[in-house]
**Q** 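Structure provided below as structure tokens; questions to follow.
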Amino acid sequence: MSVYEGTFKSRSDEALHNPSLQKALRNFKPLFVAKRADAVAALEGFEQLRETAAAIKDAVLDNLDEWLERYASAVEAAGGHVHFASDAEEARTIILDICKKADAKTICKGKSMVSEEIGLNEELEAAGYKVVETDLGEYIIQLAHEPPSHIIAPAIHKTREQVADLFEANHPGRPREDTVAGLVGEARTVLREKFFQSDVGITGGNFLIAETGTSVIVTNEGNGDLTQTLSRVHIVTSGIERVLPTLDDLSVFLRLLARSATGQDTECYTTLSTGPRRPGDPDGPEEYHVVLVDNGRSKMLGGKFREMLRCIRCGACMNHCPVYGAVGGHAYGWVYPGPMGSILTPLFNGLAEHYDLPNACTLNGRCQSVCPVKIPLTELIRTLRSEQVKAGLMPASQRRMMGVWGWVARNPGLYHALERFGSRLLRARAGKSGSIAGLPGAGAWTSVRDIPAPDGPTFLETFKAMRGEK
Amino acid sequence: MPSNQAAQPHVGLFATCLMNVFRPNIGLATVTLLERAGCRVSAPSGQTCCGQPAYSAGDDDAACALARQLIAQFEPYDYVVAPSGSCMGTVHKYPEMLKDDPEWGPRARALAAKSYELFSFLTEVRKVEIDASYQGTVTYHDSCSGLRQLGIKTQPRELLSGVSGLAVSEMDDAEVCCGFGGSFCVKYPAISEKMVDDKIRSIEESGADTLLGGDLGCLMNMAGRLRRKGSRVRVWHAAEVLAGATDGAAIGEEKQS
């Protein structure tokens with residue numbers, strides 16, 4: 001996929017110089033942050049809800065195999081089928097098999113990050129199926145042949161003008177729409193026909209309820225409901241970590257999810273599905289399948305990154321991340337961007353291959369301060385760096401510099417002598433100007449900013465002289 | 001100054017690396033404020049770095065070695081105080097960093113329990129009478145480590161309300177990172193530039209003529225960028241303003257004499 005070519009650095013440089021992306025990011029940034037803040041402030045006990053949610057998740061993760069078994073039996077009891085996929089390839093094979101048996105031609109999809117994770121669309125299209133994304137954002141990026149740049153707002157990197165261009169090129173015979181309302185109306189009309197042609201509907205699963213065998217999706221467009229009720233076969237794709245014990249637990253998460261994600265009290269549609277259509281039901285699919293994807297999750301269960309499995313994919317971390325706000329989602333190089341992606345991507349796809357992701361973070365902690373399930377994102381990102389060091393992945397030049405610095409810092413006399421030397425050097429260089437615009441070896445700093453010069457001899461020598469100490 | 005030497009708590013001043021080299025005036029202002037708060041101040045000469053650069057880079061061994069060194073240096077004092085939320089945030093991570101060490105784990109916990117960022121010490125432990133004036137409108141940047149690790153938010157503002165002549169104009173996104181992030185700013189300069197420019201826009205839109213903060217790394221990043229852009233906004237560590245130590249040049253500013 002072309003937007004993932006290059007390295008994190010080359011992609012982020014490109015992003016910083018892409019005017020339409022920067023415009024899109026400027027428009028989006030304040031929106032989610034302010035709305036979340038208002039929604040959180042309006043709900044008493046939000047902090048307590050975060051604690052409760054984290055505890056529920058931890059308890060599930062303690063006995064995940066057991067909860068998954070209970071969930072699977074409940075699904076089967078309701079007439080559905082559960083498939084476990086250990087990796088992306090197995091998940092794709094299972095889904096292709098279901099589509100083939102259903103003699104499908106058209107497949108409608110609700111938004112599903114797991115299907116992005118396993119690269120499902122390409123596989124389905126290669127097998128000859130007509131695949132239609134029905135979430136507006138996903139539909140836009142499908143037309144643009146791009147991956148999502150945000151987990152809940154996949155086309156957030158597109159400006160209104162770009163969407164109008166895409167629609168004009170892909171909807172022959174329709175007049176060009178230039179307003180948001182016009183574009184939404186156009187997409188609705190075009191998509192409406194697709195739902196009626198759909199043989200298989202594939203959705204994600206925000207939550208899976210063990211006691212009832214229910215899958216839950218939340219959307220703002222209602223496209224998920226049409227996808228799953230109008231298709232003959234409904235396939236839910238979900239990570240194995242998304243199971244919750246009871247519907248009571250679900251209520252905790254529903255109160256957190258929309259507020260954290262979009263700053264809404266609740267999304268427009270919360271849809272619970274349990275099994276296929278029963279005799280007497282007015283609608284619903286003839287078959288109901290759940291594909292539970294592991295793809296590296298069970299490996300995380302017993303290790304240092306287990307808390308990451310609490311994630312409910314709300315996007316609050318990236319909405320509040322200033323690095324994400326500067327470079328957007330595609331720079332991160334895979335379907336999960338921002339802080340959660342900086343953890344998941346190296347864990348799923350390799351610490352070396354994605355060396356930059358945990359490092360391109362200022363450890364400012366804003367992400368974890370808004371995480372609805374209190375994942376210690378900053379500490380997990382730091383721990384990833386530690387894992388990279390242990391694996392010998394830190395670049396040799398940096399390792400040498402750290403080694404020398406670390407040794408000097410354990411020799412206070414030498415450390416302070418070097419500090420005094422540096423102070424004199426910098427003061428001489430700055431003269432009366434008070435700052436230094438360029439210095440050999442400091443190019444990365446001075447490419448952006450001056451170096452404020454020391455305002456006098458080091459504190460420790462000044463203090464010692466003041467006190468008349470030896 | 002209180003006469004009773006024995007009743008004075010003995011404070012070990014942690015002279016953070018950047019402050020020691022780049023802005024000794026902050027250290028001197030810290031001494032002034034601590035003494036006005038009735039403390040006896042020492043700065044042990046065996047101190048160096050808290051280990052944060054190593055810890056943030058994932059070099060746990062080097063970080064823990066420096067943690068043990070700092071603990072040993074500061075154990076004798078009643079309190080440890082630093083004019084930096086970021087370095088002090090690291091000291092507060094020592095118990096976690098050394099939790100599996102039967103000897104140093106407990107020592108780390110004992111040290112963290114008496115270690116304070118300057119403004120929280122001056123508001124929560126020792127009340128200080130602010131005797132300073134500053135003519136100007138200031139805006140305050142909440143540095144991330146102090147804010148989110150130690151809860152430094154109201155303390156500096158409360159203290160600044162005692163400075164005569166000083167008006168406050170809060171900026172938008174005061175709690176958003178300025179793009180410093182330690183080695184981040186030199187590893188990813190282009191992203192850092194975008195972040196510091198966003199920050200500078202907020203500073204300038206606040207209408208303030210002065211930027212204050214509590215962490216020198218962030219202040220150097222913002223001051224350096226403001227200088228590069230030719231801005232007239234003056235930059236001080238809030239301790240300098242609180243101690244009335246603003247006669248000289250501000251951070252990065254041309255010397256007057």
Side-chain angles (χ1 to χ4, degrees), chain A residues 9 12-13 16 322-323 325-327 359-366 368-369 382-390 394 398 402-403 405-406 409-412 415-416 419 422-423 426 432-435 437 442 444-445 447-460 462-464 469, chain B residues 15 17 19-25 27-28 31 43 45-49 51 53-60 62 65-66 69 144-145 148-149 175-177 179-182 184-196 198 220-221 223-225 227-228 248-249 251-255:
Chain A
K9 277 188 180 164
S12 54
D13 276 344
L16 288 163
V323 175
V327 300
N359 289 285
C361 165
T362 63
L363 304 180
N364 63 76
R366 197 173 180 221
Q368 70 182 32
S369 75
R382 198 212 67 84
T383 304
L384 272 174
R385 296 180 187 178
S386 167
E387 296 294 305
Q388 288 176 325
V389 169
K390 284 181 201 144
M394 185 189 265
Q398 201 193 335
M402 287 293 300
W405 171 83
R410 270 168 277 173
N411 291 275
Y415 195 74
H416 296 147
E419 285 185 323
S423 167
L426 290 165
K432 286 178 101 177
S433 74
S435 60
W445 176 280
S447 68
V448 176
R449 39 187 120 50
D450 292 356
I451 305 171
D455 64 329
T458 67
F459 169 77
L460 286 173
T462 310
F463 185 73
K464 208 186 247 185
E469 287 169 24
Chain B
C17 307
M19 179 275 269
N20 187 41
V21 174
F22 285 94
R23 198 67 185 170
N25 194 47
L28 299 174
V31 173
S45 60
Q47 61 173 305
T48 63
C49 174
Y55 189 66
S56 295
D59 187 346
D60 298 359
L66 290 171
Q69 175 174 282
C144 303
S145 302
R148 300 198 180 87
Q149 289 171 33
E175 297 184 357
V176 176
C177 176
F180 173 60
F184 171 88
C185 72
V186 291
K187 281 196 215 151
Y188 303 94
I191 303 173
S192 175
E193 177 178 341
K194 169 79 173 86
M195 289 164 69
V196 72
D198 286 349
M220 285 180 64
N221 177 44
R225 185 64 181 169
R227 280 288 301 217
R228 178 64 57 88
I251 296 170
E253 199 177 58
E254 216 167 304
K255 288 188 176 160

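To find a chain, count down the sequence lines: A is the first, B the second, and so on, and within it residues start at 1.
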**Q** Can you name the closest pair of heavy atoms from Pro457(A) and Pro24(B) and give their distance?
**A** O-CG, 3.1 Å
**Q** Which answer fits Glu387(A), side chain, backbone, both or neither, if we ask what part of it has an atom under 4.5 Å from a heavy atom of chain B?
**A** neither
**Q** Mind ranking Met19(B), Gln149(B), Arg227(B), Glu175(B) by heavy-atom pairs under 4.5 Å with chain A and telling me who comes out on top?
**A** Arg227(B)
**Q** Can you tell me which portion of Asp60(B) sits under 4.5 Å from chain A's heavy atoms? Options are side chain, backbone, both or neither.
**A** side chain
**Q** Please classify the contact of Asn221(B) with chain A as side chain, backbone, both or neither, using a heavy-atom distance under 4.5 Å.
**A** both
**Q** Who among Gly179(B), Ser192(B), Pro53(B) has the most heavy-atom pairs with chain A under 4.5 Å?
**A** Pro53(B)
**Q** Nearest 0.5 Å, please: how far is CG in Asn411(A) from CD in Gln69(B)?
**A** 8.0 Å
**Q** Locate the shortest heavy-atom distance separating Ala360(A) from Phe184(B); write the atom from each residue and the value.
**A** C-CE1, 3.7 Å
**Q** Under 4.5 Å from any heavy atom of chain B, what part of Leu426(A) do you find: side chain, backbone, both or neither?
**A** side chain
**Q** So how far is it from Gln47(B) CD to Leu460(A) CG, rounded to the nearest 0.5 Å?
**A** 5.5 Å
**Q** Considering only heavy atoms, which portion of Met195(B) lies under 4.5 Å from any heavy atom of chain A: side chain, backbone, both, or neither?
**A** side chain
**Q** Taking Glu193(B) for its side chain and Arg449(A) for its backbone only, find out whether a donor-acceptor pair lies under 3.5 Å.
**A** no
**Q** How long is the straight-line distance from CG of Leu363(A) back to CZ of Arg148(B), given to the nearest 0.5 Å?
**A** 12.0 Å
**Q** Is there a side chain to side chain contact (heavy atoms under 4.5 Å, CB included) between Thr362(A) and Phe180(B) once you walk through the steps?
**A** CA-CA 7 Å; Thr362(A) 63; Phe180(B) 173 60; over 6 Å; no
**Q** Among Arg382(A), Arg385(A), Glu419(A), which residue forms the greatest number of heavy-atom pairs with chain B at distances under 4.5 Å?
**A** Arg382(A)
**Q** Chain B: which of His416(A), Lys390(A), Arg366(A), Gln368(A) shares the most heavy-atom pairs with it under 4.5 Å?
**A** Arg366(A)
**Q** Val323(A) and Tyr188(B): side chain to side chain contact (heavy atoms under 4.5 Å, CB included), yes or no, with the steps?
**A** CA-CA 10 Å; Val323(A) 175; Tyr188(B) 303 94; over 6 Å; no
**Q** For the interface with chain A, which of Ala190(B), Ser145(B), Gly182(B) has the highest count of heavy-atom pairs at distances below 4.5 Å?
**A** Ala190(B)
**Q** Less than 4.5 Å to any heavy atom of chain B: does that hold for the side chain of Leu16(A), its backbone, both, or neither?
**A** side chain
**Q** With chain B as the partner, which of Thr458(A), Val448(A), Val327(A) has the greatest number of non-hydrogen pairs under 4.5 Å?
**A** Val448(A)
**Q** Pick whichever of Ala223(B), Cys185(B), Ala62(B), Gly181(B) has the most heavy-atom pairs under 4.5 Å with chain A.
**A** Cys185(B)
**Q** Please report the closest heavy-atom contact between Phe463(A) and Ala43(B), naming both atoms and the distance.
**A** CE2-N, 3.6 Å
**Q** Report yes or no: does Arg410(A) contribute a side-chain atom to a donor-acceptor pair with the main-chain N or O of Leu66(B) at less than 3.5 Å?
**A** no
**Q** Could you tell me which portion of Ala249(B) (side chain, backbone, both or neither) has an atom closer than 4.5 angstrom to a non-hydrogen atom of chain A?
**A** neither
**Q** I'd like to know if the side chain of Arg23(B) reaches the main chain of Pro452(A), judged simply by a donor and an acceptor atom lying under 3.5 Å from each other, with no hydrogens or angles considered.
**A** no
**Q** Quick one: of Ser433(A), Gly325(A), Gly365(A), Ala326(A), who has the most non-hydrogen atom pairs under 4.5 Å with chain B?
**A** Ser433(A)
**Q** Please check: side-chain N/O of Asp59(B) versus main-chain N/O of Ser386(A), any donor-acceptor pairing under 3.5 Å?
**A** no
**Q** So what's closer than 4.5 Å to chain B heavy atoms on Asp455(A): side chain, backbone, both or neither?
**A** both
**Q** Less than 4.5 Å to any heavy atom of chain A: does that hold for the side chain of Phe22(B), its backbone, both, or neither?
**A** both
**Q** Tell me the closest heavy-atom pair linking Ala15(B) and Phe459(A), and the distance in Å.
**A** CB-CD2, 3.7 Å
**Q** Looking only at heavy atoms and a cut-off of under 4.5 Å, which of Val196(B), Ile251(B), Asn25(B) has the most pairs with chain A?
**A** Asn25(B)
**Q** Going by heavy atoms in the side chains, are Cys49(B) and Tyr415(A) under 4.5 Å from each other?
**A** yes
**Q** Show the nearest heavy-atom pair for residues Ser45(B) and Pro412(A), with the distance to one decimal.
**A** O-CB, 4.0 Å
**Q** With only heavy atoms counted, which part of Ser56(B) is less than 4.5 Å from chain A, the side chain, the backbone, both or neither?
**A** both
**Q** Quick check: closest heavy atoms across Ala444(A) and Val186(B), and the distance to 0.1 Å?
**A** CB-O, 3.3 Å
**Q** Nearest 0.5 Å please: distance from the OG atom of Ser435(A) over to the CZ atom of Arg228(B).
**A** 8.5 Å
**Q** Measure Ser12(A) against the heavy atoms of chain B and call it side chain, backbone, both or neither at under 4.5 Å.
**A** side chain
